[in-house]
Student: 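Structure below; questions to follow.
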Protein chains: 2
Amino acid sequence: MESKQMRPDPFQRNCGSRQVIDRIGDRWSVLVVLTLADGDRRYGELAEHIDGISQKMLTQTLRGLERDGLVTRTVHASVPPRVDYALTDLGRSLLDLVSGLESWATTHLAEVQAARVRYDADLPHRAPTGTARPTRLTRPARR
Amino acid sequence: MESKQMRPDPFQRNCGSRQVIDRIGDRWSVLVVLTLADGDRRYGELAEHIDGISQKMLTQTLRGLERDGLVTRTVHASVPPRVDYALTDLGRSLLDLVSGLESWATTHLAEVQAARVRYDADLPHRAPTGTARPTRLTRPARR
DNA sequence: CTGTATCCGAACAGATACTG
DNA sequence: CAGTATCTGTTCGGATACAG
């Protein structure tokens, strides 16, 4: 019996492919991978380049990427300590996709924003108070 | 002041392109868009096809996609009511990318899972209790 | 410099009850 | 059928404080 080698199906709740999608989709993961596109980067460089990321989120994101085999972490025994991060082959295989994401975002940004204005404008019933509100995309300005 | 049209840069905190990336990256958005790839779908069909999504999340996701101009919502005045969702041109322009995401996830799933096993295996310092834990993808082995 | 540990409010997401 | 309204527990994520 042909081992039912069924393809991973992200539409099934328990399929691991869904978790992979989650990782890719992760806000910071995308930006970290993009930053590593040009070559190795130190922890501090990453923190500096990715505006608004907290130390906690950066570390957390890097650990996750490392765990998934997308980036490597290299510690140089020096004082002060220096840690370099780089994409693995697997990570690089993802690069095209992630670049495409960035590209799509920048080229279609205007359209999306226009659509939002339109949508918010003709809301006869003003913005619902509850569940109807779309995932909050306008984040409260950092105080 | 030249209203110099600088290219959207997702590395800048306030750039809208980051929010677009967030939308794309959203777990359910990806699955909804993929489901609509083959054509219109009714609300119930979406709910049925996307295993594990709650009514609330489905509605919320659809509203968000609609607001961003990626899907249309068509209400048919019938009893019982019938609502069809479909991708817009903008939504379809995203389809290749999203399909690529699914494709990458399914083809590299095994590698990612293997990497995780490896990573979790040789953790000399057992899983940190705090921030170090990657976005929880597997339940921490309860000791 | 490169993290780790905690505290804590905000946002998220599931379950449930109800409606046109 | 296709939602909306609430309630509530969980997770996220920023802000310190501290360490190797």
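Order of the sequence lines sets the chain letters (A, B, ...), proteins ahead of strands, with each chain counted from 1. For the numbers below, each heavy atom of this structure counts, side chains included, while hydrogens, waters and symmetry mates do not. Computed from a predicted model, the values in this text were never measured in an experiment.
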Student: Check every atom of C/dG3, C/dC1, D/dC1 against the side chain of B/Pro80 and return the nucleotide holding the closest atom.
Tutor: D/dC1
Student: Below the 4.0 Å mark, does C/dA13 have OP1 or OP2 next to a side-chain nitrogen or oxygen of B/Arg27?
Tutor: no
Student: Do A/Val112 and A/Val117 sit in the same hydrophobic cluster, where Ile, Leu, Val, Met, Phe, Trp and Tyr count as joined when their side-chain heavy atoms come under 4.5 Å apart?
Tutor: no
Student: If you check every side-chain atom of B/Arg73, which of C/dG3, D/dA2, D/dG14 has the closest atom?
Tutor: D/dA2
Student: Within a reach of under 6.0 Å around CD of B/Glu45, are more than 12 heavy atoms found that belong to other residues, nucleotides or ligands?
Tutor: yes
Student: Choosing from D/dG14, C/dC1, D/dA2, which nucleotide comes nearest the side chain of A/Arg42?
Tutor: C/dC1
Student: I want to check one thing: is the phosphate of C/dG3, taken as OP1 and OP2, less than 4.0 Å away from some side-chain N or O of A/Tyr85?
Tutor: yes
Student: Considering the options A/Thr88, A/Asp89, A/Asp96, which one meets the side chain to side chain donor-acceptor pair (under 3.5 Å) requirement together with A/Arg92?
Tutor: A/Asp89
Student: Of the nucleotides C/dG14, C/dT2, D/dG3, which one has an atom closest to the side chain of B/Ser54?
Tutor: C/dG14
Student: Would you kindly give the CG-to-P distance between A/Leu62 and C/dC1, to the nearest whole Å?
Tutor: 16 Å
Student: Provide, to the nearest angstrom, the distance between the CZ atom belonging to A/Arg82 and the C1' atom belonging to D/dG20.
Tutor: 19 Å
Student: What nucleotide, of D/dT4, D/dG14, D/dC1, holds the atom closest to the side chain of B/Pro81?
Tutor: D/dC1
Student: Separation of B/Asp22 atom CG from C/dA11 atom P, in whole Å?
Tutor: 14 Å
Student: Let me know the distance between CG of B/Asp26 and P of D/dC12, rounded to the nearest Å.
Tutor: 14 Å
Student: Side chain of A/Lys56 only, heavy atoms from C-beta on: which candidate in D/dA15, C/dG14, D/dA2 is closest?
Tutor: D/dA15
Student: Starting from P on C/dT2, measure out to CG on A/Leu58 and report it in whole angstrom.
Tutor: 10 Å
